[in-house]
Amino acid sequence: QVQLVESGGGLVQAGGSLRLSCAASGRTMSTLGMGWFRQAPGKEREFVAAISWSGGRTNYADSVKGRYTISRDNSKNTVYLQMNSLRPEDTAVYFCAADRTSFRGVVSTTPGDFGSWGQGTQVAVSS
């Protein structure tokens with residue numbers, strides 16, 4: 001199983017940017033799709049973005065499309081989430097997750113397909 005640690009969260013004004021990082025350890029993540037999810041207070045965890053094991057395909061929630069970019073550096077065992085034009089409604093705890101299936105042929109957006117989760121990093125956007 002892969003261990004995941006997120007970093008890069010914080011407080012930012014609306015319109016600002018943050019870059020989240022997720023460092024993997026315990027095994028290589030190079031064969032695994034990776035995803036970002038978020039959970040706001042009182043709401044269910046929701047899909048944000050995901051990237052295939054090769055990095056060649058990505059998928060985004062409609063609410064972040066055009067503002068967020070997911071990327072990965074397999075040599076560093078790290079996945080990133082660049083967040084631009086942040087809005088107050090983006091405020092949430094952001095979680096990194098690793099697919100439970102190696103070399104999955106599609107970019108999953110389903111939480112149940114992800115077998116390893118980080119502890120989360122808080123992102124707060126002020127208006």
Side-chain angles (χ1 to χ4, degrees):
Q1 194 172 11
V2 60
Q3 288 77 49
L4 304 171
V5 178
E6 303 96 335
S7 61
L11 174 64
V12 64
Q13 288 188 330
S17 298
L18 285 173
R19 188 176 83 152
L20 305 184
S21 298
C22 172
S25 62
R27 59 156 286 183
T28 179
M29 69 172 202
S30 62
T31 66
L32 303 174
M34 300 293 293
W36 288 96
F37 295 78
R38 67 186 181 186
Q39 188 166 17
K43 295 187 177 181
E44 293 188 353
R45 191 171 298 190
E46 64 174 0
F47 168 75
V48 174
I51 188 167
S52 63
W53 62 271
S54 67
R57 287 169 289 171
T58 57
N59 202 336
Y60 296 93
D62 287 343
S63 59
V64 306
K65 203 169 292 184
R67 300 188 298 123
Y68 289 16
T69 303
I70 188 171
S71 61
R72 65 189 298 156
D73 185 339
N74 286 341
S75 68
K76 296 182 179 179
N77 236 21
T78 301
V79 64
Y80 305 97
L81 185 67
Q82 178 66 44
M83 306 185 296
N84 298 329
S85 302
L86 283 161
R87 305 167 180 168
E89 54 264 39
D90 294 319
T91 295
V93 177
Y94 283 69
F95 298 91
C96 174
D99 199 320
R100 64 175 74 249
T101 302
S102 293
F103 304 116
R104 188 184 295 274
V106 296
V107 180
S108 178
T109 65
T110 305
D113 284 339
F114 293 82
S116 300
W117 293 81
Q119 293 299 305
T121 185
Q122 176 72 54
V123 171
V125 184
S126 62
S127 57

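- Contact annotation: the side chain of Ser127 never approaches that of Glu89 to less than 4.5 Å [non-hydrogen atoms, C-beta and beyond].
- Separation of atoms CZ (Arg38) and CE (Met83) is listed at 9.0 Å; rounding is to 0.5 Å.
- Side-chain contact between Met34 and Leu4: present, with at least one pair of heavy atoms (C-beta onward) separated by less than 4.5 Å.
- Listed by first then second residue, pairs satisfying side-chain hydrogen bond (donor to acceptor under 3.5 Å, both in side chains) with a partner in residues 47-59 read Ser52-Ser54, not counting sequence neighbours.
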Given side chain to side chain contact (heavy atoms under 4.5 Å, CB included), test Val48 with Leu81 step by step and report yes or no.
CA-CA 10 Å; Val48 174; Leu81 185 67; 4.2 Å; yes
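- Side-chain contact between Glu46 and Gln39: absent, with no pair of heavy atoms (C-beta onward) separated by less than 4.5 Å.
- Minimum heavy-atom separation, Phe47 to Ser108: CE1-O, 4.2 Å.
- Taken from CZ in Arg19 to OG1 in Thr69, the straight-line distance is 11.5 Å, to the nearest 0.5 Å.
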Val79 vs Trp36, side chain to side chain contact (heavy atoms under 4.5 Å, CB included): CA-CA, chis, key distance, verdict:
CA-CA 9 Å; Val79 64; Trp36 288 96; 4.1 Å; yes
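- Within the 4.5 Å cutoff, no side-chain heavy atoms of Gln119 are placed close to those of Val93.
- A donor-acceptor pair under 3.5 Å is absent between the side-chain atoms of Ser30 and the main chain of Thr28, judged by distance alone.
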Could you check Leu20 against Val123 for side chain to side chain contact (heavy atoms under 4.5 Å, CB included), going step by step and ending with a plain yes or no?
CA-CA 9 Å; Leu20 305 184; Val123 171; 4.1 Å; yes
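- The two residues Ser21 and Thr78 have their closest heavy-atom pair at CB-CG2, 4.3 Å.
- In this structure, Arg72 is not positioned above the aromatic face of Tyr80 in the sense of NZ or CZ being under 6.0 Å from the six-membered ring centre and within 45° of the axis.
- Closest heavy-atom contact between Asp90 and Ser85: OD2-O, 4.4 Å.
- Around NZ of Lys43, the count of heavy atoms belonging to other residues, nucleotides or ligands within 6.0 Å does not exceed 12.
- Side-chain contact between Tyr68 and Ile70 is absent, with no heavy atoms from C-beta onward closer than 4.5 Å.
- Looking at every heavy atom in both residues, Thr101 comes nearest to Asp99 through N-OD1, 2.9 Å.
- Formation of a donor-acceptor pair under 3.5 Å by the Gln1 side chain with backbone atoms of Gly115 is found in this model.
- Under the side-chain hydrogen bond (donor to acceptor under 3.5 Å, both in side chains) criterion, Asp73 pairs with Ser75, sequence neighbours left out.
- Val2 and Ala98 make their closest contact through CG1-CB, 3.5 Å (heavy atoms, listed as atom of the first residue, atom of the second, distance).
- Residue Phe37 is tested with Phe95, Tyr94, Trp117 for a ring pair (Phe, Tyr, Trp, His ring centres under 6.0 Å); the sole match is Trp117.
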Using the salt bridge (Lys or Arg N to Asp or Glu O under 4.0 Å) rule, take Asp113 and Arg100 through it: C-alpha gap first, then chi angles, then the decisive distance, then the call.
CA-CA 6 Å; Asp113 284 339; Arg100 64 175 74 249; 5.6 Å; no
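- Residue pairs meeting the disulfide (SG to SG under 2.5 Å) criterion with at least one member in residues 7-112, sequence neighbours excluded, are Cys22-Cys96.
- With a 4.5 Å cut-off on side-chain heavy atoms, Ser17 and Gln82 count as touching.
- Put simply, the side chain of Arg67 reaches to within 4.5 Å of the side chain of Arg87, judged on heavy atoms.
- With hydrogens and angles disregarded, no donor-acceptor distance shorter than 3.5 Å links the side chain of Ser116 to the backbone of Ala97.
- For the pair Ser102/Leu32, a side-chain contact is recorded, criterion being any heavy-atom separation below 4.5 Å from C-beta on.
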